[in-house]
Number of protein chains: 2
Amino acid sequence: MADIKESHTDLLIIGAGPAGLITAAWASQYNISARIIDKKASRIPNGHADGLQPRTLEIFDSFGFVDQPLKEGCHETEICSWNPDSSGTLQRTQRVVSQKPGISRFQVIILHQGAIEQTVLDFLKLGGRVEVERNVMPERLEWEGCNPSDRDSHPIAVTVRHTGDTTSRQPLNGTNPKTTNLASDRVVANGIALTGQDEAKGRLERIRAKYVVGCDGAHSWTRTQLGLSLEGKMTHHICGVMDIVPLTNFPDIRQSCAIHSASSGSIMIVPRERRLVRFYIQMDDTSNSGILDRSRINPESMLKAAQTIMKPYTLSFKYCEWWSVYRVGQRVAPKFSVDERLFLAGDAVHTHSPTLGQGMNVSMQDTYNLGWKICGVINRTLKPEILETYQPERRQIALELIAMDHEVSKFYYDNSISRKDFQSQRERFYEFLSGVSVKYGPSALVKDSSARSRSPLTSGSSSTYTAEPSQTSNNFCEPEKPTSSRNLATNIYPSVRIPSFKVVNQGDACPTHIASLLPSTGQWRILIFAGDLSFRSQFARIQALGSHLAAPSSFLHLYPANLIEVYTIHSASRARVELLDLHEVFHPWDEDAGYDYWKVYADDDSWHEGFADAYGAYGIDRKDGCLVVCRPDQHVGLICGVDELSVVEEYFKGILIQRSDTQGRRKL
Amino acid sequence: MADIKESHTDLLIIGAGPAGLITAAWASQYNISARIIDKKASRIPNGHADGLQPRTLEIFDSFGFVDQPLKEGCHETEICSWNPDSSGTLQRTQRVVSQKPGISRFQVIILHQGAIEQTVLDFLKLGGRVEVERNVMPERLEWEGCNPSDRDSHPIAVTVRHTGDTTSRQPLNGTNPKTTNLASDRVVANGIALTGQDEAKGRLERIRAKYVVGCDGAHSWTRTQLGLSLEGKMTHHICGVMDIVPLTNFPDIRQSCAIHSASSGSIMIVPRERRLVRFYIQMDDTSNSGILDRSRINPESMLKAAQTIMKPYTLSFKYCEWWSVYRVGQRVAPKFSVDERLFLAGDAVHTHSPTLGQGMNVSMQDTYNLGWKICGVINRTLKPEILETYQPERRQIALELIAMDHEVSKFYYDNSISRKDFQSQRERFYEFLSGVSVKYGPSALVKDSSARSRSPLTSGSSSTYTAEPSQTSNNFCEPEKPTSSRNLATNIYPSVRIPSFKVVNQGDACPTHIASLLPSTGQWRILIFAGDLSFRSQFARIQALGSHLAAPSSFLHLYPANLIEVYTIHSASRARVELLDLHEVFHPWDEDAGYDYWKVYADDDSWHEGFADAYGAYGIDRKDGCLVVCRPDQHVGLICGVDELSVVEEYFKGILIQRSDTQGRRKL
């Protein structure tokens, strides 16, 4: 090993697909050292995943890179269900909305994975801190444990080979590239063909890291090194996928459709950018008990199957951009992390059918959950125990997804099931599919003020595989309402991301989405719903709150400046409040820039965009208000009354490291 | 002249400020040769103009570059009026909305001119066809007339000097650069200091052009060469302008305000990007009859004046990004073009006070009007006579602007005028200020079907300076309703840009702004408001219209393919119409790409964005519909009934050159 270059990094991300890139996006927001490696020579050129759900778009927006996908992608609005009538003729039987109106300010966008990866790559480039290193193949992982409190050493070693240009580079605009999960991992690994000869080439490097995140896909090398495998089962369903520019007289070709023929199987179509349409075609080989004849599946056979299903409508194509074949599996890893030093995310820990456009979303949401925790621990603002919340928060979501996928697959593939009520079937899953209803259990990060005694950090539930995927679907629908917060904010749920409504800036009258106050910078936010400041008593309450927050003894001073931001949203008429009458802590003075005019908002009518009634939508009393603490990922950590600052103080004490405890400082 | 390089271009644009850049943006959309030169070494670094009115943002959107200004600029929502109370103490007396809600989908954006220029420069770079050539100083203009029908020669010669780096380069992020129109044109020309020595340097080039557009500002070299000068008067009002990051306890510093003191003069403040605020400060020197002591005006003296006016509020600054001094003048050139070969636009032909943020907007709107006409004549799709419409269409706007400016200046500067009703004063000018109500007289381009006999091409009104600025303000408010179209579309006015509402795509259910169907590509559009297609008789009418449009004898075939686009917007429930039941001319087939699904829309409820009721807003009968023809600049050329295709045919015959008339083909 003497002639191997050794280097050090705080965070090593293995795999630059969507999950890895979101980890890198977080790392790019912090002043830490991070590297992201990928064995492939380039990003995905086309095809693959293509759905961006509302919550994923909210996440993109929180980083500041939602514009490009919104502009480039295809907006999915309506989904149609087509079924045979009594004579067997295909008919449009229902039109349903793609996503429940009002649950997010974004709807579904359909865009190929490569364009989505490019969006994050552009963001990383702009940030200039983290850059994807390609043609880097991990070969050896060394991990022998370490003292959990050891923050300085780099206890993990990953030996990688820089393969340079020895792997075949995929053209970004090639036609008909293909991948398949039916080939063995060895021969075709994520679309790059490897030969023994190539493997012998390239420089070796031993990267020593404090933390490692494996985002290296369903055939995860990292997971294998950790001795873990996906658990669950492969189904007998074979799904052909192709992206074509269809030539057809099928009326709904520019809408997502679930098309079920009388006896020839099913198709899902999803319209895409650049006149492309994604076809998911059921290709089950019932003639051949379980052994799949791969040679029979190609764009031509898929087209033939589609033509049969879509009769009497015609279908052909001249251009196929990408195609693939999947066998549907529903599997999850028993653990998502090892010793809170090595983490797995995305396809590396959960796989399921592609038809609902969830995989890429849940994968990115995994690392959106994990990234700020690791970065905050590395920059010594967060207690290392916070990392114990990753597995319980995200593995439960994977289990719920797989339970849902099981049910939905049945609906699509099982001919014995009635498909008449497509709409109610969709409605059951809307919120789960959107990603906005994801809820997590109580922990140091999620306090239900009625249940503050419970702490997941000591519950031991984070490292054992117990829950089977729930077959009941209550989890998909609506989060439980914790009794304690019901009185204060009946529609804000602890652990769920806070919905966004427009409020009006007190200082400049501009309508502003509350979400825009909560960008992904690693900061925590106290949202002071200050109630009706035109009442003298309420105004006095809020001024008293301001005095407490500004006092030398305030917990705000325990932590690095700006780690906790304070925003005020009052419910009085904007015209009845003068910004500068409020305590200065609500609009801090800077000796070079003057007052901060972007911290106080009114839930009031706006000149051009109406009245959102955020208090009403949140279920907050317009007179009394409340406090809501948002985690760096916009999930609600705590709800309490405006007089309960001690509850907020206690919440942060369980999570954040005080200034005196550390030399490290976050760069914001 | 033998050793001077001679070159040829279809279009030479002199000056790369906002007006020149919009001319270049048009040129970039056509397959013609065009050059744009500027004597300065770089774009404006900061300061200068800073307001983008709704119509200008619509224009930006039509080119596809509105996003950056929307993101980077400051959104002006509310304007406050501050006046002394009976005791002389400054009080907020009114809050008014910055722009009348509903007149455009954009509101006002405030952003420094350099950022706006950069937005267009980025667009040009992306297009790759036209690039600004800097350090190029025009020295000699040769024009001896030509045969108007001569389309091949390059009858204009402009000799330019490539000064390279001999002019002093302005730093893009410098502090305290200054310009002034009080200095002589010779010494300081658009902010670049010239010396006799510098002028002697540099290579000469003789550029022969078919057309020249002079966009070289208030001190226009081009205008001078053409022997024209601005006519009108300079006022005695001196206006100091500075962009500072204010340190103040004035409550409305992040809103636009008109602040009038009891006896110390007035201030306009306009909040900007990056915590900057633009101050317009009245600096009239009443002690010194008419002769201005320039040495007394600088940021310090402006601050002192502002402090006096804003008492009892405090004001100071540590950062001043830019400042300048203006003497307010209201002047217009007698002609905007010479022989329809040489054109002038922007500050070169009209100047006025800067306080209403109109100058840059009207300048860009000048060349937005002119650009497609010149480019269309050059690429031989438009008859050259169309160029005669530029002066009558735009000079009238300049006269109206100056009339309004006169009135508004009085309101701001004349202490004898009551300022109590700031709101009514704003309301009189809203639509004119927004730019959306601009209306043009009848011409070949604007047909009122009741007045088809009138033609401005023969009226001779285009070359004489007759009208004095109108002192009545009817023109600012609401366009006249031509009687002929009142029955068909009571709220669509011939010659006025068509307002935009969201309709729903028939094929994919996506809400779509009608404006997005009308991008600035040089194409003409027939909007078929097809009425209620669920009525069999109306459906038959529209199918008959389709047959006529598709017939071999149709006028559509007389012109290059796609020069005229056809869009259909029906008023039936979307679910009651099948796209492919409509005549194919409404959703044309392409053998490689299939049907065009982006040509037919329903004025119907949408899943996520409500029902815009475009028919109601346009005043179009939901059952019968009508036809509206839009010029390439979204202004309405013609309104007629769905059975009156011959009127449309006649309209285009007066404007477009038929295929057989020319070898040239537009690239679209």
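Residue numbers start from 1 in every chain, and the chains themselves are labelled A, B, ... in the order their sequence lines are given, proteins ahead of strands. Just the heavy atoms: all of them, side chains too, but no hydrogens, waters or symmetry mates, feed the values below.
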Return yes if some donor-acceptor pair links the side-chain N/O of B/Arg275 with the main-chain N/O of A/Ala593 below 3.5 Å, else return no. yes

Sub-4.5 Å side-chain heavy-atom contact between A/Tyr597 and B/Ile253: yes

Here the pair of heavy atoms bringing B/Thr77 nearest to A/Pro511 is OG1-CD, 4.5 Å

Report the distance from atom CH2 of B/Trp589 to atom CG of A/Asn249, rounding to the nearest 0.5 Å. 8.0 Å

Do other residues, nucleotides or ligands put more than 12 heavy atoms under 6.0 Å from the NZ atom of B/Lys125? no

What part of B/Ser256 lies closer than 4.5 angstrom to a heavy atom of chain A: side chain, backbone, both or neither? neither

Which pairs count as salt bridge (Lys or Arg N to Asp or Glu O under 4.0 Å) when at least one residue sits in residues 64-79 of chain A, sequence neighbours excluded? A/Asp67-B/Lys71, A/Lys71-B/Asp67, A/Glu78-A/Arg95, A/Glu78-B/Arg574

Contact winner vs chain B - A/Pro101, A/Gly102, A/Gly594, heavy-atom pairs under 4.5 Å: A/Pro101

Please identify, among A/Asp581, A/Asp596, A/Asp590, A/Asp252, the residue contributing the most non-hydrogen atom pairs under 4.5 Å to chain B. A/Asp596

Contacting region of A/Ser98 [heavy-atom separation from chain B under 4.5 Å]: neither

Using the side chain to side chain contact (heavy atoms under 4.5 Å, CB included) criterion, which residues pair with B/Gln107? Sequence neighbours excluded. A/His608

For B/Pro251 and A/Glu578, the nearest pair of non-hydrogen atoms, with its separation, is CB-OE1, 3.6 Å

Can you confirm whether A/Arg576 is buried at CZ, in the sense that more than 12 heavy atoms of other residues, nucleotides or ligands lie under 6.0 Å from that atom? no

Check each atom of B/Val96 against the heavy atoms of chain A and say whether the ones under 4.5 Å are side chain, backbone, both or neither. backbone

Let me know if B/Leu579 has heavy atoms under 4.5 Å from chain A in its side chain, its backbone, both or neither. neither

Spacing of A/Leu247 atom CG and B/Asp592 atom CG [to the nearest 0.5 Å]: 7.5 Å

